[in-house]
Every structure is written in C-alpha cells, then in structure tokens.
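Note that the structure is predicted; figures quoted are calculated from it, not measured. The figures that follow rest on heavy atoms only: side chains count, while hydrogens, waters and symmetry mates do not. The chain is numbered in sequence order, starting from 1.
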Amino acid sequence: MSESEPDEPSGTASTNETESADETDAPADTESADDTRSDEVEGDSHYAFWADEVADAIEARDPEEPIVVKGGISPSGVPHLGNVNEIMRGYFVAEVLRERGWAVRQVFTTDDRDPLRKLPRKLADLDGNIVDLGDVNAGALGRNLGHAYTDIPDPFGCCDSYGDHFSTLIAESAELLDVPIDVVSTTELYESGRMDDVVEHVLRNREQAREVLSEYQDKVDEDYVPFNPFCSNCGKVTETVTGVNVDERTVEYRCTDIEAGNRTIEGCDHEGTAIFREGKLPWRFEWPAQWQVLGVDFEPFGKDHAEGSWPSGVDIAETVLDIEPPEPMVYEWFTLDGEPFSSSEGNVVLAHDVLELLDPEVVRFFFAKDPNRARDFSIERLDQLVDEFDRVERLYYGEESGTEQEERRAERVYPFLVSLTDVPPEALAKSELFEAVADGEAEHAVTFDHNDTHDRERRREFVDEAFRQRVRLPYTFAAVLGMFDDDSARMATAKKEGHVADDDPEWAVEDAFGRVALASEWADRTDNEYNYTVARTEMPDVSVDGDTATALDDLADFVAEGADGEAIQGEIYESARRHDLDVGGFFAVGYQLFFGETEGPQLGYFLDDLDREFVVGRLRREA
C-alpha cells in the first residue's frame, strides 16, 4: 500500500526502506544462509517458509476465489528495488496459495490520482536508466504541482502521463522477475465509476467518518469532509469542500492552498461543483476503499504503517465501510549498501539494474528471506548472496548436507525461486514437458499460467528432474573468468577447476557462463579486485634480472606443489626477501606478468583462483 498525504510517512513508496541481502552483515543472532523461515514456536521450527503462515491465515478467513493479493505505491521519483519488496512478498504468498489449489489475482495499485506535491530530483526512463530532473522536461512537472500524476505530461514524452510512465516501470519490474500482477490505476478506478458507491457511502456517513479519523489525526475539525475535488479551473486538488449532495453525487468546493511539506501550493480561489469522479478520497479513506472495491484478502505493508495507517484503516473499514479488512503482514525495510533508499540522494537501484548483476532466481531468493528482519542489499557483497542461493540449491538437490532445518527450508523454498522464463529454451524443449511457442509469438520458449494447476505440476517436475542437470559457476570464480581475454581459456579453466564436466548438457554449460557477464558487470561497477584483465593470449613484455628470474622460478615451484592463496601470498614476500629484492618491485613484476600493469589485487589470493598450470607457466615466463 502507499500514501501521499502531507502529514503521513510515504509508506511502501518510501525512499527510506530497510532490509538485508545476506546474513553475513546482519546482527549475530540472525539466521545464516537460507533465512526464509517464518517463526519458531517454543524453539521448534513451526514453518519452513514464512509465506505458509500467511497462507494459513488467509485460508482461515474462508475466502472466495480468486483470492486477491494487493500491494501499492504512490508515484514519486524512482520505483526502486525497495518498492519491489511489496510485490515479491505478495508473490510468494500468492504462489503458496496457488500451490494449494486456489486461484489468485495479485494486484498492485498505483495511486496516480494523488497530487504531485514536490519535484523529484531523480527519474528513470523505461530502460531503467536513472537521470537527473534537468535531463528531461522538468517544466512538465514544475508547472503541475498539485495536479494528479495522470494529469501531468510524461517528462520523457514516451507515455500518456507521468503517472502512466511510473506505472509502466512498476509493471516492467514485476515482469522481469516473472511476477504476474495486474497494475491498477487509482485514477481509472475513479474515472470509470468503480469508486462511486464507496465515495457515496463515506460522504453519506461523513459524520461518522470524521469521528473515526479524529482519533488518529488532530487536524480533523467539524468542517472536515473526506473528499478532495480537483479544481475545474486550475486542475489542482483542493481540500476545501463547502457542500455535499450525496443523492446527486456532487460536492461544492473552493480551490484553496494546500500544504506540501515545507511549501504551499497555491489554489486559484475558484468555486465550483465536482462529481465524485472528479476528485478522490483522502488517503486514509482511499486505502480501505480500495480493499472494498478490489475485494482484497491480503496486503503486506512496511513497518511504518503498523502503528498509524493500518489501525486507522482497520477502524474505517469496520466502522465506516462495514467490511472486513484484509489479512495484514508487516515487513521490515531494507537498506542499500547500508544507507536508506533515496531518489533525491541518488541511493537507488532498480530491478533493471540488479538483473544486470544477478540471476533472477537469486533476486527472488533475497525477497524470500524472513520479512521480519531488517537487512542490507549490499552491491559490494553480492557474491555472498549468490553463494547463499547456490548453497540452498545444492541442499535442495541433495548435493550438499546441512542441518535438518536448513534442508527443510531449502526443500520448501527453492521451487518458488525458479521460473521457466529463466531457463534456456533448449532445456525446456528436451524435457518434452512443454509445447514450444512459435518464434515471434512470445519472448520465452513456453507459455505458463501461474493459476493453471497442470502448468505448475509440469514446472515442478521439470525443476526436480531436467533442471537437476544445471551447472552453476561460483560468482567470484565467474568474475575471475571475466578477467580472461580468451573464451577458450575460460572454458578450459572451468573444466580444470571442476566446475564444468565433459558430459554436462550444452544448454546447462551455456547458461552457466551467462553468470560470467553478470559477475564481470559487478566487478566493473564496484571496481573490486576482479576488475582487471588477465593477459592470457599473449605474454606481456616483461624484462627481469637474474635474481628476479630465480625468485619467480622458486615461486612457480611453490605454486606447483598445490599451495593455497594465503600461502602463495606469504611466499611472494619470502621469495623477494630470500633474493634481496624489493618486495613492492617483486609484486609489480607479478602484476605485469598477469595483467600487463604494475598494480592489482592481492596477488597470492588471486593466483589461487586461476588454473594452476597457467600460473606456473606464466611465472616461468613460458609462452
């Protein structure tokens, strides 16, 4: 859910959300690896996956089909990865319910009927590129403060409105992760008349509505009317309603100033009449009204709403609308590299960006973690998140042993992480479980309906059987391969290190090497120790004196004996000292031999990541 009232925090659309990518940087009492459980009851693991607990609560309500899972956001700035949190939490609950045989509709409302109250500093184009406000038609926004997002021209000029642009980005984020959502425009709900009945009910019972809201907001006085028309003269929203005709479904208004944080958006003082479709409910009423109109059964929301917005929403739903509120779930926020998400400060990352660094199933794994724990999505330490996912995958396939609890979680959670959209078409075709889609008909090799029981059974059969043959390159090893300037050397090294076997399916090997591009992009963006190029195809032109040559030969012999990275690092120092060489100069020679540069990562540890035969040959200056 979301909100944009001036006296409220920004909800799930907030730019200061918080949650963490891996358990290695979490407090000491946090779960490690597959932290996907819901809770523990008196020390016993009650649920292997938190989404099962939520699904149980929803089923206990005796819902009708389709079960409706909802999320929402108010368009503002950049729809970043923190906003995807709400989509993914709802998705896992929806998938558990579908597994149990329920038809589920997942909706995501964009509250694009909200007025623009301040100018964002950052925006994103439809490719996910973040730009400054000065790089687009900023005037389209600046001239329209106080107007509904859907009445503001798209500053990029590619969509019908700013609101539509934002909604498109949200829809794309979900599609990239293969989450089937229906993006619902709040403007469309009003303009189509779907909100008319609930608006009429609220205004007919406005005395009661005023009394309920006054328990939560001090600004509610005897003149308060829970409806905000848009001025027919200037187009801005106004909060001053001077008369209500419920039977005619109209209100009288005067266009007055509205407060927007530290600034005032001036009204034009026009007096007029608006029908219900020409305005909106204040957010505190609009949220429960959406529950009624959309038939919502479950909605997750950030912890900021747990003590304010949610209690008022429940009270309004039960007391004013006479409906049952949906099953709630409060989730913790997560930070980005230790700092709150902030469009204005540029501390944002979109799903588009993350999928240039990670496999989609790894991103899903991050959101499958326990929603009750704050965590950090660390770009610097993405390798640790990938290692966690890879271990859960190995546990699922019985390729590695863990504790009983770890194995139970992996067995429960892993099948929800794999999407057929991630799988090479060749693998699907060979499985003979799916009919291939003709070229040009779809982006992926097969069609898949999340609500189709047969499709879900076939997907599970594919995951348990054919996909068992998948190949995974460890993320940092993939980053090392990305340093090679020779594709054949990459394959030879992967085979020599035991990550690829001669009998591995061609589709699995090709898919595994896709991680090389991801890890290379990670190395480039973080400029870490893998952001170098190993000169394998040609020997760098390095001249050394006799003592240095002897020291290099000694080091080569040491590496050939099977020493690990720490030992190699120590031996580099010792070799230099034994031959009375400057240690820094000896390291520089090593960097020149492997990178053609005079500096680089910690050399000993890096050499341990390379295939030993190549390292020994290069230290001996062999062609």
Sequence neighbours excluded, the answer for ring pair (Phe, Tyr, Trp, His ring centres under 6.0 Å) partners of Phe276 is Phe227
Is the closest basic N to carboxylate O distance between [X] and [Y] below 4.0 Å?
X	Y	answer
Asp52	Arg100	yes
Glu86	Arg89	no
Glu191	Arg113	yes
Asp449	Arg459	no
Lys70	Asp297	no
Glu99	Arg456	no

Could you pull out all residues at least two apart from Asp269 that satisfy side chain to side chain contact (heavy atoms under 4.5 Å, CB included)? Arg254
Sorted by chain and residue number, the side chain to side chain contact (heavy atoms under 4.5 Å, CB included) partners of Ala94 (sequence neighbours excluded) come out as Val69, Arg98, Val104, Gln106
Which residue pairs pass the salt bridge (charged side-chain N to carboxylate O under 4.0 Å, His left out) test when at least one of the two sits in residues 128-142, sequence neighbours left out? Lys122-Asp132
Do any pairs count as a salt bridge (charged side-chain N to carboxylate O under 4.0 Å, His left out) and have a residue in residues 346-357, sequence neighbours left out, and if so which ones?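 Output for this query lists Glu356-Arg525.
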Do any pairs count as a ring pair (Phe, Tyr, Trp, His ring centres under 6.0 Å) and have a residue in residues 160-196, sequence neighbours left out, and if so which ones? Tyr149-Tyr162, Phe156-His165
Go through Leu213 and Tyr224 one step at a time and tell me if the side-chain contact (heavy atoms from CB on, under 4.5 Å) criterion holds. CA-CA 10 Å; Leu213 188 59; Tyr224 176 81; 3.4 Å; yes
Test item: Ser419 side-chain N/O and Thr421 main-chain N/O as donor-acceptor pair under 3.5 Å: yes
Give a yes or no on whether the backbone of Ile275 and the side-chain of Glu278 come within a donor-acceptor separation of less than 3.5 Å. yes
Between Val296 and Gln290, is the side-chain contact (heavy atoms from CB on, under 4.5 Å) condition met? List the steps. CA-CA 8 Å; Val296 179; Gln290 290 175 346; 5.7 Å; no
Start with the C-alpha gap between Phe416 and Tyr91, add the side-chain angles, then the distance that decides, and say whether side-chain contact (heavy atoms from CB on, under 4.5 Å) holds. CA-CA 10 Å; Phe416 295 112; Tyr91 169 72; 5.8 Å; no
Please walk me through it: do Lys280 and Asp112 pass salt bridge (Lys or Arg N to Asp or Glu O under 4.0 Å)? CA-CA 11 Å; Lys280 68 183 297 294; Asp112 48 20; over 6 Å; no
How long is the straight-line distance from CG of Asp125 back to CD1 of Ile130, given to the nearest 0.5 Å?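 If I round to the nearest 0.5 Å, the distance is 9.5 Å.
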Does any donor atom in the side chain of [X] or [Y] lie under 3.5 Å from an acceptor atom in the other side chain?
X	Y	value
Asp111	Ser74	no
Glu299	Trp291	yes
Arg249	Asn245	no
Thr242	Glu252	no
Glu361	Tyr414	no

Would you check, one step at a time, whether the test side-chain contact (heavy atoms from CB on, under 4.5 Å) holds for Leu97 with Glu59? CA-CA 9 Å; Leu97 290 167; Glu59 286 188 314; 4.1 Å; yes
Candidate pair Arg364 and Asp422, rule salt bridge (Lys or Arg N to Asp or Glu O under 4.0 Å), full reasoning: CA-CA 12 Å; Arg364 296 188 197 99; Asp422 311 332; 2.7 Å; yes
Near-ring test Phe377/Phe366, centroid separation under 6.0 angstrom: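 Yes, close enough.
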Salt bridge (Lys or Arg N to Asp or Glu O under 4.0 Å) between Arg460 and Asp455, worked out: CA-CA 9 Å; Arg460 181 61 180 265; Asp455 277 0; over 6 Å; no
